[in-house]
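Along the sequence shown, residues are numbered consecutively beginning with 1.
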Amino acid sequence: MKLPVLLSLTVWLNFRTGESSSCSQPPSRWCSSLDSAIQCRVLKQCLETNITRSRQTAEPVQVGLYYESMCHGCIMFLTQMLYPTWVLLQDIMSVTLVPYGNAQEKPDGDKYIFECQHGEEECFGNTIETCLLNMTDNAFLIIFCMESSSDVVNAAQTCVNLYSPELSWDRVMGCAKGDLGNQLMHQNALKTEALDPPHQFVPWVTVNGKHTDELQDKAMSSLFSLVCSMYQGTKPEACGGAHRRSRSFCPHA
């Protein structure tokens, strides 16, 4: 999913401040046609995005985030480090989100019961985000919107309506409260348990499928610089600097 995401931040800010937008298209459609780009006032950005894509000369850097929907450290990393970095470097990086973290699962017949570090509401938030990742290309945008809210779960419907208005909220809830969401969370549990080395806290970051203390430290300190340094192709103009961020973790019990 490579979209003019930087401009979607404007829509999100408008949502936060109560302002409206004359653009009738969701972010995924802004660059789908000349008319859409003009209507949504992103023609220049769409053209620049297409030029950047054509210059990509190597495989993107793969960043994986194993996290929990209500872990403060995870929220800070996702909203203040991962998402902004992806907005700027989406043509040379890919992001994989695995909402599960320090949760535990127990078999219950054909289903699974999950216990989450921050309670049942976090389990529900994890499941909603997991369903979104399997239902829409705009999942990252929606999850960023949710995690930027003071109430992750209650913000979900508004964020879905904002970034994927074509996606029925009833479908999302059908997944989150049904067998599909349960099985998708089980897959997240398997992915998390398969980490090598095993995760010790969240947020837990992998880069190109690998985790080391050095990579984790660099990702938490300046993911932007890490992605720029690890990309093997021609560096985009955006790779010119980064800002350091504070680090926060939720220990694995």
Side-chain angles (χ1 to χ4, degrees), residues 12 15-16 64-83 95-136 139-164 167 169-195 198-206 211 216 220 245-253:
W12 176 76
F15 156 68
R16 291 292 293 270
L65 175 62
Y66 295 77
Y67 72 104
E68 300 165 349
S69 62
M70 294 184 180
C71 162
H72 178 71
C74 300
I75 292 171
M76 295 294 289
F77 179 75
L78 191 153
T79 61
Q80 297 189 16
M81 183 71 76
L82 180 60
Y83 186 82
V95 173
T96 299
L97 300 177
V98 184
Y100 185 80
N102 298 331
Q104 296 181 356
E105 70 169 3
K106 298 178 182 179
D108 183 26
D110 294 333
K111 299 182 180 181
Y112 298 88
I113 297 175
F114 300 98
E115 296 181 2
C116 296
Q117 188 170 17
H118 301 92
E120 292 183 7
E121 190 173 10
E122 179 175 74
C123 282
F124 193 39
N126 290 345
T127 307
I128 291 174
E129 294 184 358
T130 297
C131 287
L132 290 170
L133 289 165
N134 284 269
M135 298 176 76
T136 172
F140 196 9
L141 301 177
I142 299 170
I143 291 171
F144 167 74
C145 176
M146 291 171 59
E147 297 292 341
S148 298
S149 169
S150 60
D151 191 327
V152 173
V153 171
N154 285 337
Q157 184 173 3
T158 300
C159 293
V160 168
N161 291 339
L162 176 65
Y163 288 114
S164 287
L167 177 60
W169 180 246
D170 288 340
R171 279 191 60 209
V172 177
M173 286 295 94
C175 172
K177 295 181 178 180
D179 293 343
L180 177 57
N182 190 265
Q183 291 300 317
L184 290 174
M185 283 303 302
H186 173 58
Q187 293 302 314
N188 282 359
L190 294 178
K191 292 175 183 177
T192 303
E193 293 302 319
L195 285 169
H199 86 284
Q200 300 174 12
F201 48 78
V202 289
W204 189 261
V205 181
T206 63
H211 175 93
Q216 177 80 26
M220 298 299 296
R245 306 281 184 175
S246 61
R247 289 173 285 174
S248 179
F249 302 99
C250 290
H252 183 210

Rounding to 0.5 Å, atoms CD1 (Ile143) and CD1 (Ile75) come to a distance of 12.5 Å
Across all chains, not counting sequence neighbours, the side-chain contact (heavy atoms from CB on, under 4.5 Å) partners of Thr127 are Cys131, Ala176, Met185
Residues at least two apart in sequence or cross-chain that pass salt bridge (charged side-chain N to carboxylate O under 4.0 Å, His left out) with Lys177, listed by chain then number, are none
On a heavy-atom basis, the closest approach of Tyr67 and Pro99 is OH-CG, 3.2 Å
For a side-chain contact (heavy atoms from CB on, under 4.5 Å) check, start with the C-alpha distance between Met146 and Thr158, then their side-chain angles and the critical distance, and finish with the verdict. CA-CA 9 Å; Met146 291 171 59; Thr158 300; over 6 Å; no
Problem set entry | Residue pair Tyr83, Leu141: steps toward the side-chain contact (heavy atoms from CB on, under 4.5 Å) verdict | CA-CA 9 Å; Tyr83 186 82; Leu141 301 177; 2.9 Å; yes
Close aromatic pair by centroid cut-off 6.0 Å: Tyr66 and Tyr100:
no
Minimal heavy-atom distance between Cys250 and Asn102, with the atoms involved, is O-ND2, 3.1 Å
Residues passing the salt bridge (charged side-chain N to carboxylate O under 4.0 Å, His left out) test with Asp151, sequence neighbours excluded, are none
Closest non-hydrogen contact found for Leu195 with Thr206 is CD2-CG2, 4.2 Å
Those residues at least two apart in sequence (or on a different chain) that pass side chain to side chain donor-acceptor pair (under 3.5 Å) with Asn134 are none
One should read off an interatomic distance between Phe144 CZ and Tyr163 OH, to the nearest 0.5 angstrom, of 7.0 Å
Rounded to the nearest 0.5 angstrom, the CD-CD distance for Glu147 and Gln80 is 12.0 Å
Sorted by chain and number, sequence neighbours left out, side-chain contact (heavy atoms from CB on, under 4.5 Å) with Leu167 holds for Leu132, Met135, Thr136, Val160, Ser164, Arg171, Val172
Item to check | Side chain His211, main chain Val205, donor-acceptor under 3.5 Å | outcome: yes
With sequence neighbours left out, the residues meeting side-chain contact (heavy atoms from CB on, under 4.5 Å) with Leu190 are His186, Gln187
So OG1 of Thr130 and CG of Asn182: to nearest 0.5 Å the spacing works out to 11.0 Å
Ring pair (Phe, Tyr, Trp, His ring centres under 6.0 Å) filter on His118, not counting sequence neighbours, yields none
Here the pair of heavy atoms bringing Ala103 nearest to Glu68 is N-OE2, 4.1 Å
Value for NZ (Lys191) from CG (Asn188), rounded to nearest 0.5 Å, stands at 5.5 Å
Those residues at least two apart in sequence (or on a different chain) that pass side chain to side chain donor-acceptor pair (under 3.5 Å) with Glu115 are Lys106
Residues pairing under salt bridge (charged side-chain N to carboxylate O under 4.0 Å, His left out) where one sits in residues 118-130, two or more places apart or in two chains, turn out to be none
Heavy-atom closest pair (Ser69 atom, Asn126 atom, distance to 0.1 Å) is N-OD1, 2.9 Å
Output for pair (Asp179 CG, Leu184 CG), nearest 0.5 Å, gives 10.5 Å
Between Val202 and Gly101 the two heavy atoms that sit nearest each other are CG1-CA, 3.6 Å
Phe124 meets the ring pair (Phe, Tyr, Trp, His ring centres under 6.0 Å) criterion, sequence neighbours left out, with none
